[in-house]
Amino acid sequence: MTEEILIILACVPLYVINSFCDKIISSKEKNRYNYFYNTVKFLICSICMLPMLFLEKKSIFATGSLFCGICCGIMYAISKTVMLKGYERSSVAFMTLCHSSGMIVPCIIGHFFWFEKLSAVSVLGMILAILSIVLLKGGNIKSKKIDLKGYVFGVSVFLTSAGVMIAQKLMGIYFAEQSISAYNFYSFIVPFLIICCFVKPKQLEGGEKKNKKLACFCALGSAVSLCVISFVMTGLSGKVPSVLMFPLFNGLGIIFVCIGSIFAFKEKLTIKKLIGLAVGVIGLSLINF
């Protein structure tokens, strides 16, 4: 298990790169390039997976990889699209809470269906990790009035976030002998096909050229990071318990994103963020206890 944990930790910097790319694009011209950015990102991800399909020499139409990949892709597309709308109808903190809370679902399912150990200490650690994420992301959940659509968007993000993790676990546990590359290819090509329907050419007209180029450059960095993360995490999902893998990777990733943002984006290290950082360290320590 030590080797698997070290591999997860090695992927955390890729999580930071992926998050920084998202953060950079979301700050340009009022999120003007988000759909375009996500479309290019998933297209590059799909292209990166093509050589792996031939290297693995496994059937790309195997039932497990096809089913899990398509399901994961649909979850990606809904999550990425609804998250943007959720920011408009609620708050960053609320949507972050919904997205990060998704890790609870595979952990509970893992306990009852995959016989993964889930102790009270681990549950407490997971709750603290989620609380840490909300504190680190900043913002006040009650700072903006959340209407019915806002709650619907939040629940959608919660379920789709959980769905991505469950798809990875299903692939790793039940279809480990099938092509992981095919699974990842389907999980990327499906959101590309869906999200590209939301790209409006008129939205891209009149924008600054440097921001369009930046969107493509960040899409490349995010795509390469996401490809490696998805490939590795799917491969480990059949070996590492959910309560250890998802909180450790996502929780630690967001903590490092917060620390990195202080230097890269000149964000202030507030008392609330310091508390969130401490709570996150305690939570992850309990999970690994």
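The structure presented is a predicted model; accordingly, all values stated were derived computationally and were not measured. Residues take their numbers from the sequence shown, with the count starting at 1. Hydrogens, waters and symmetry mates are skipped; everything else that's a heavy atom, side chains included, is used.
Among residues two or more places apart in sequence or in another chain, the salt bridge (Lys or Arg N to Asp or Glu O under 4.0 Å) test is passed with Lys117 by none. In terms of the ring pair (Phe, Tyr, Trp, His ring centres under 6.0 Å) criterion, Phe158 has no residue partners (sequence neighbours excluded).
Side-chain contact between Met165 and Met103: present, with at least one pair of heavy atoms (C-beta onward) separated by less than 4.5 Å. Counting heavy atoms from C-beta outward, Met171 and Phe67 have side chains that stay 4.5 Å or more apart. For the pair Thr63/Phe175, no side-chain contact is recorded, criterion being any heavy-atom separation below 4.5 Å from C-beta on. A heavy-atom distance below 4.5 Å is not found between the side chains of Lys80 and Pro191. Considering only heavy atoms from C-beta on, Phe185 stays 4.5 Å or farther from Ile60 through its side chain. Within the 4.5 Å cutoff, no side-chain heavy atoms of Cys48 are placed close to those of Phe188. Side-chain contact between Val232 and Leu14: absent, with no pair of heavy atoms (C-beta onward) separated by less than 4.5 Å.
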Start with the C-alpha gap between Gln178 and Lys58, add the side-chain angles, then the distance that decides, and say whether side chain to side chain contact (heavy atoms under 4.5 Å, CB included) holds. CA-CA 7 Å; Gln178 296 184 18; Lys58 295 180 180 179; 5.8 Å; no

Assess whether side chain to side chain contact (heavy atoms under 4.5 Å, CB included) is satisfied between Leu244 and Ile5, documenting all intermediate values. CA-CA 9 Å; Leu244 180 61; Ile5 292 176; 4.0 Å; yes

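Side-chain heavy-atom separations under 4.5 angstrom define the hydrophobic clusters, and the remaining members of the one that includes Val243 are Leu118, Val123, Ile127.
Minimum heavy-atom separation, Ile70 to Tyr186: N-CB, 4.0 Å. In this structure, Thr234 and Asn184 approach most closely via the heavy-atom pair OG1-OD1, 4.2 Å. Annotation for Val190 and Gly73: closest pair CG1-C, 3.8 Å, computed over non-hydrogen atoms. The two residues Ala167 and Cys72 make their nearest non-hydrogen contact at CB-CB, 3.8 Å. Here the closest heavy-atom approach between residue Ser161 and residue Gly102 is recorded as OG-CA, 4.0 Å. Heavy atoms only, all atoms of each residue included: Ser132 and Gly276 are closest at OG-O, 2.6 Å.
Summarising the geometry, atom CD1 belonging to Ile173 is positioned 7.0 Å from atom CG belonging to Leu170; distances are rounded to the nearest 0.5 Å. With rounding to the nearest 0.5 angstrom, the SG atom of Cys11 is 11.5 Å from the CG atom of Leu6. Atom OG of Ser179 and atom CZ of Phe61 lie 11.0 Å apart (nearest 0.5 Å). To the nearest 0.5 Å, atoms CZ (Phe115) and CZ (Phe113) are separated by 9.5 Å. For the atom pair Asn18 CG and Ser230 OG, the distance stands at 11.0 Å (nearest 0.5 Å). Atoms CZ and OG1, from Phe153 and Thr81 in turn, are 10.5 Å apart once rounded to the nearest 0.5 Å.
Note: Tyr76 and Phe42 have tilted aromatic rings, judged against thresholds of 30 and 60 degrees for the angle between ring planes.
Between the side chain of Ser79 and the main chain of Met75, no donor-acceptor pair closer than 3.5 Å is present. Judged purely by atom type and a 3.5 angstrom limit, Asn38 uses its side chain to pair as donor or acceptor with the backbone of Asn34. In this structure, the side chain of Ser101 does not engage the main chain of Cys98 through any donor-acceptor pair within 3.5 Å. Of the possible polar contacts, one joining the Thr160 side chain to the Val157 backbone as a donor-acceptor pair under 3.5 Å is found. Judged purely by atom type and a 3.5 angstrom limit, Ser46 uses its side chain to pair as donor or acceptor with the backbone of Ile189.
Both Met233 and Val224 are members of a single hydrophobic cluster when ILVMFWY side chains are connected at heavy-atom separations under 4.5 Å. There is no path of hydrophobic side-chain contacts, each under 4.5 Å, that joins Leu286 to Val281.
Between the side chains of Gln168 and Ser237, not a single donor N or O lies within less than 3.5 Å of an accepting N or O. One side chain, Tyr37 or Ser222, offers a donor N or O that lies under 3.5 Å from an acceptor on the other.
Applying the 6.0 Å contact sphere to CZ of Phe217 captures no more than 12 heavy atoms from other residues, nucleotides or ligands. Around the CG atom of Leu55, the shell of radius 6.0 Å holds more than 12 heavy atoms that belong to other residues, nucleotides or ligands. More than 12 heavy-atom neighbours from other residues, nucleotides or ligands sit within 6.0 angstrom of CZ on Phe231.
Salt bridge annotation for Lys239-Glu3: absent, with no cationic side-chain nitrogen under 4.0 angstrom from a carboxylate oxygen.
Screening Val40, Thr39, Ile47 for a side-chain contact (heavy atoms from CB on, under 4.5 Å) involving Leu43 leaves a single residue, Ile47.
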